[in-house]
Amino acid sequence: MSESWKGQLVEDEDGIDRVLEGMHRVAVLGIRSEKAANRPAHYVPAYLQSAGLEVIPVPVYEPEVTQILGQPVYRRVVDIPGEVDVVDVFRRPEDIPAHLDDILAKRPKAVWFQSGIRHDPSAERLAREGIWVVQDRCLMVEHRRWAWSHPATG
């Protein structure tokens, strides 16, 4: 049985840079609204938007919310029109498997599990489908590092 899928597991700066270089549209699964502006699930996507990326909110809480960061919300990743480069995940590890079919139906280039979030079986399933997977890293921290070293493009 081939182990080539393991190459989709991004665990070093070169791999992270590859993901960041192609990142323009980011769906944020588990984003929080402005009511929770002090939480990473709000201020990380707010940073990404301020850095010039298109942020597409996919909240799992606050069913009454129709916009976050001035953008319409979607309740499923698959319902987002057009391509998605990265799905940034703010969910507890045990909650990730319930979102896999939705994520896989959208076929993003990469899925990013934020700091403190690691779920190896889900990462393997995504990687086997040809999707890059980053686990337990903060997208804001990594984007800042990358943008600092790529000022013309970041």
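Keep in mind that this is a model prediction, so the values were computed, not measured.
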Not counting sequence neighbours, which residues clear side-chain contact (heavy atoms from CB on, under 4.5 Å) with Lys106? List them please. Val77, Ile80, Val84, Pro108
Excluding sequence neighbours, so at least two apart, what forms side-chain contact (heavy atoms from CB on, under 4.5 Å) with Ala98?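 Ala98 satisfies side-chain contact (heavy atoms from CB on, under 4.5 Å) with no residue once adjacent residues are dropped.
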Hydrophobic clustering (ILVMFWY, side-chain heavy atoms < 4.5 Å, transitive) - are [Y] and [X] grouped together?
| X | Y | value |
| --- | --- | --- |
| Phe90 | Val65 | yes |
| Val78 | Ile96 | no |
| Val87 | Val141 | no |

Look only at the side chain of [X] and the backbone of [Y], and say whether a donor-acceptor pair between them is shorter than 3.5 Å.
| X | Y | answer |
| --- | --- | --- |
| Gln71 | Pro57 | no |
| Arg75 | Pro63 | yes |
| His42 | Arg32 | yes |
| Gln8 | Arg128 | no |

Are [X] and [Y] packed together at the side-chain level, in the sense that at least one heavy-atom pair is separated by less than 4.5 angstrom?
| X | Y | result |
| --- | --- | --- |
| Ile103 | Val111 | yes |
| Leu69 | Ile31 | yes |
| Glu129 | Trp5 | no |
| Ser122 | Leu100 | yes |
| Val44 | Asp88 | yes |
| Asp136 | Phe113 | no |
| Pro72 | Thr66 | no |
| Val28 | Ile56 | no |

May I ask you to say whether [X] pairs ionically with [Y], meaning some side-chain N is under 4.0 Å from a carboxylate O?
| X | Y | value |
| --- | --- | --- |
| Asp101 | Arg125 | yes |
| Arg118 | Glu94 | no |
| Arg145 | Asp17 | yes |
| Asp85 | Lys109 | yes |

Given Arg144, His143, Gln114, the one that forms side chain to side chain contact (heavy atoms under 4.5 Å, CB included) with Cys138: Gln114
Distance from [X] atom [atom1] to [Y] atom [atom2], nearest 0.5 Å?
| X | Y | atom1 | atom2 | value |
| --- | --- | --- | --- | --- |
| Gln135 | Trp112 | CD | CH2 | 12.0 Å |
| Arg76 | Asp79 | CZ | CG | 4.0 Å |
| His99 | His119 | NE2 | NE2 | 11.5 Å |

Check against side-chain contact (heavy atoms from CB on, under 4.5 Å), Leu29 and Val60: CA-CA 7 Å; Leu29 177 62; Val60 295; 4.1 Å; yes
Sort and list the pairs that fulfil side-chain hydrogen bond (donor to acceptor under 3.5 Å, both in side chains) and have at least one residue in residues 48-60, not counting sequence neighbours.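 Checked against side-chain hydrogen bond (donor to acceptor under 3.5 Å, both in side chains) - neighbours excluded - the pairs reaching residues 48-60 are Arg25-Glu54.
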Arg18 to Trp132 six-membered ring, cation-pi geometry met (6.0 Å, 45°): yes
As a quick check of understanding, evaluate side-chain contact (heavy atoms from CB on, under 4.5 Å) for Ile16 and Trp146, giving each step before the final call. CA-CA 9 Å; Ile16 287 170; Trp146 177 82; over 6 Å; no
Residues Met23, Leu53; criterion side-chain contact (heavy atoms from CB on, under 4.5 Å); working and verdict: CA-CA 8 Å; Met23 186 174 75; Leu53 298 166; 3.4 Å; yes
State, to 0.1 Å, how close Ala127 and Leu9 come at their nearest heavy-atom pair, and which atoms those are. CB-CD2, 3.9 Å
Heavy-atom closest contact (Pro45 atom, Pro40 atom, distance):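 Heavy atoms of Pro45 and Pro40 come nearest at CD-O, 3.5 Å.
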If you count the non-hydrogen atoms of other residues, nucleotides and ligands that lie under 6.0 Å from CD in Glu21, is the total more than 12? yes
Might you work through the side-chain contact (heavy atoms from CB on, under 4.5 Å) test for Val73 and Val58, ending with a clear yes or no? CA-CA 6 Å; Val73 303; Val58 186; over 6 Å; no
